Amino acid sequence: MEQFELFQKFALVSFTIAFFWKLIRHMLSFVNMEKEPVRVLITGAAGQIGYAIVPMIARGVMLGPDQPVILHMLDIEPAAEALNGVRMELIDAAFPLLKGVVATTDAVEACKGVNIAVMVGGFPRKEGMERKDVMSKNVSIYKAQASALEKHAAPDCKVLVVANPANTNALILKEFAPSIPEKNITCLTRLDHNRALGQISERLKVQVSDVSNVIIWGNHSSTQYPDVNHAKVTTSSGEKPVRELVADDQWLNTEFISTVQQRGAAIIKARKLSSALSAASAACDHINNWVLGTRKGTWVSMGVYSDGSYGIERGLIYSFPVTCEKGEWSIVQGLKIDEFSRAKMDATAKELIEEKALAYSCLG
């Protein structure tokens, strides 16, 4: 009798262990399940920024080390051969996260089902061209691409415009893709934000990762306002304000601002080519924070649809400090704005209002 009871207990314990082991294995299988690939569109993909950004995306820099991607690469017909070369290199690189590549000159094919669109392609200003001529070319490009995104992209598609004039190109895209939520259309000012971080890091001889909460207000142009009034540096004795550590308001209010504003021109002078690596990296940073979130207590700069915050005209695509959580951005509220900052913020807003009027005039 005792032997039978022992056998029963042993059988029960064995069954319980087997059941829980099977349950644990079943749960682990869900944990280890590969995520569905995210479809990422890059326009102007055969160009400098396109060539720099596609390997970053394929390596997980943009969306994380466990997120598979399918790259949709679009460029114009004259760049088709170069685009195919980029496609071949992506295959040759054997990126584990890269689950597919679409390389095309057809906007409709490129936009089908995309979850994220990085709009790098645009018409650059050439010598002798008037501002309105450049605007007219880009209005035409972004009107057509907006229509393709409107009809063929995923309903929750997130859009980042990189090509200049980035803020106004984003505004045109918003006008012609009305079904895409206005909060899902942004432009890149993260490059300027990162440049500001870099300048403070160099000046103070600290790690750039220890500098946070700079702000880029306004337009991605030479009127942008790089603001350090709320910026801080993490030191061995805690967080310190940037202004306190730099201890040179003259430099911060003049040379620092102009250096960030003119950094793109300085790189062209040095490289004889425009920023590509840093622009690609900034675009990855922008999307990464937007999708995966910003660190607690920090913000980043994004060109977003103005809701009237800080007295900026509603409807402009204007760079604000934002925090991101669960795929949504929010403008940081309640920051103190001094007279110097107010004047700079209004000046860059004025330029955006003028650009908007010029773009609408190009629409006829």
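Just so it is clear, the structure is predicted and the values come from calculations on it, not from any experiment.
- Note on residues 95-105: pairs passing salt bridge (Lys or Arg N to Asp or Glu O under 4.0 Å), not counting sequence neighbours, are Glu34-Lys99.
- Using a 4.5 Å heavy-atom cutoff, the side chains of Gln261 and Tyr225 are not in contact.
- Leu74 and Met119 fall within a single hydrophobic cluster, where Ile, Leu, Val, Met, Phe, Trp and Tyr are joined by side-chain heavy atoms under 4.5 Å apart, directly or via other members.
- Summarising the geometry of Leu352 relative to Ile317, their closest heavy-atom pair is CD1-O, 3.5 Å, with the distance given to 0.1 Å.
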* To do: Before giving the answer on side chain to side chain donor-acceptor pair (under 3.5 Å), spell out for Glu325 and Thr294 the whole-Å C-alpha distance, their side-chain angles and the decisive distance to 0.1 Å.
  => CA-CA 7 Å; Glu325 187 177 7; Thr294 47; over 6 Å; no
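- Nearest heavy-atom pair, Met56 versus Cys284, reported as atom, atom and distance to 0.1 Å: CB-SG, 3.8 Å.
- Remark: the backbone N or O of Gln224 is not paired with any side-chain donor or acceptor of Asn219 at under 3.5 angstrom.
- For the pair Val159/Cys157, a side-chain contact is recorded, criterion being any heavy-atom separation below 4.5 Å from C-beta on.
- Atom CG of Asn184 sits about 13.5 Å away from atom OH of Tyr305, to the nearest 0.5 Å.
- Figure legend: cation-pi geometry between Lys158 and Trp290, with NZ or CZ positioned under 6.0 Å from the six-membered ring centre and within 45° of its axis.
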* Intermediate values then yes/no, side chain to side chain donor-acceptor pair (under 3.5 Å), Tyr360 and Glu175 -> CA-CA 10 Å; Tyr360 277 52; Glu175 289 294 318; 2.9 Å; yes
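- Proximity of Leu197 to Asn194: side-chain heavy atoms (C-beta onward) are separated by under 4.5 Å at one or more points.
- Using modelled atom types and a 3.5 Å distance limit, the side chains of Asn289 and Arg295 yield no donor-acceptor pair.
- Closest approach of Thr189 and Gly303 over heavy atoms only: OG1-N, 3.5 Å.
- The aromatic ring centres of Trp329 and Phe320 sit 6.0 Å or more apart.
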* Asked: Do Glu351 and Thr223 pass the side chain to side chain donor-acceptor pair (under 3.5 Å) test, and can you show the C-alpha distance, the side-chain angles, and the key distance before you say yes or no?
  -> CA-CA 8 Å; Glu351 182 182 55; Thr223 69; 2.6 Å; yes
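- Side-chain contact check for Leu335 versus Pro321: some heavy-atom pair is nearer than 4.5 Å.
- Side-chain atoms of Asp210 do not come within 3.5 Å of backbone N or O of Val206 as any donor-acceptor pair.
- Remark: side-chain polar atoms of His286 are not paired, donor with acceptor, to backbone N or O of Val300 under 3.5 angstrom.
- Without hydrogens or angle criteria, Thr43 side chain to Val120 main chain gives a donor-acceptor distance under 3.5 Å.
- Of the possible polar contacts, none joining the Asp227 side chain to the Ile215 backbone as a donor-acceptor pair under 3.5 Å is found.
- Val322 and Trp299 make their closest contact through O-CB, 3.2 Å (heavy atoms, listed as atom of the first residue, atom of the second, distance).
- Taking OG of Ser212 as the reference point, atom NE2 of His193 lies at 8.0 Å (rounded to 0.5 Å).
- Residues Ile57 and Ile42 meet the side-chain proximity criterion, which asks for heavy atoms closer than 4.5 Å.
- Ser319 and Ser301 make their closest contact through OG-CB, 3.8 Å (heavy atoms, listed as atom of the first residue, atom of the second, distance).
- Under the 3.5 Å distance criterion, the side-chain polar atoms of Thr105 are left unmatched by any main-chain donor or acceptor of Glu77.
- Here the side chains of Val233 and Glu239 are not in contact, with every heavy-atom distance at 4.5 Å or above.
- Not one N or O on the side chain of Gln48 forms a donor-acceptor pair closer than 3.5 Å with the backbone of Ser275.
- Side-chain atoms of Glu313 and Ile353, non-hydrogen and from C-beta on, do get closer than 4.5 Å to each other.
- Taking 4.5 Å as the limit, some side-chain heavy atom of Val54 sits within range of a side-chain heavy atom of Leu90.
- Judged by distance alone, with hydrogens and angles left aside, the side-chain atoms of Asn169 form a donor-acceptor pair with the main-chain N or O of Ala163 at under 3.5 Å.
- When all heavy atoms are compared, the tightest approach of Ala166 to Cys187 is O-CB, 3.6 Å.
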* To do: Kindly indicate, with the supporting measurements, whether the criterion side chain to side chain donor-acceptor pair (under 3.5 Å) is fulfilled by Ser341 and Asp338.
  => CA-CA 5 Å; Ser341 297; Asp338 61 22; 2.8 Å; yes
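- No donor-acceptor pair closer than 3.5 Å links the side chain of Asn213 to the backbone N or O of Lys232.
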Side-chain donor-acceptor pairs of residues 107-116 under 3.5 Å, sequence neighbours excluded:
{"from": "Glu109", "atom 1": "OE1", "to": "Thr104", "atom 2": "OG1", "distance (Å)": "2.8"}
{"from": "Asn115", "atom 1": "OD1", "to": "Arg39", "atom 2": "N", "distance (Å)": "2.8"}

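- Legend: ring pair (Phe, Tyr, Trp, His ring centres under 6.0 Å) pairs involving residues 46-95, not counting sequence neighbours: none detected.
- Between the side chain of Thr254 and the backbone N or O of Gln250, at least one donor-acceptor pair lies under 3.5 Å.
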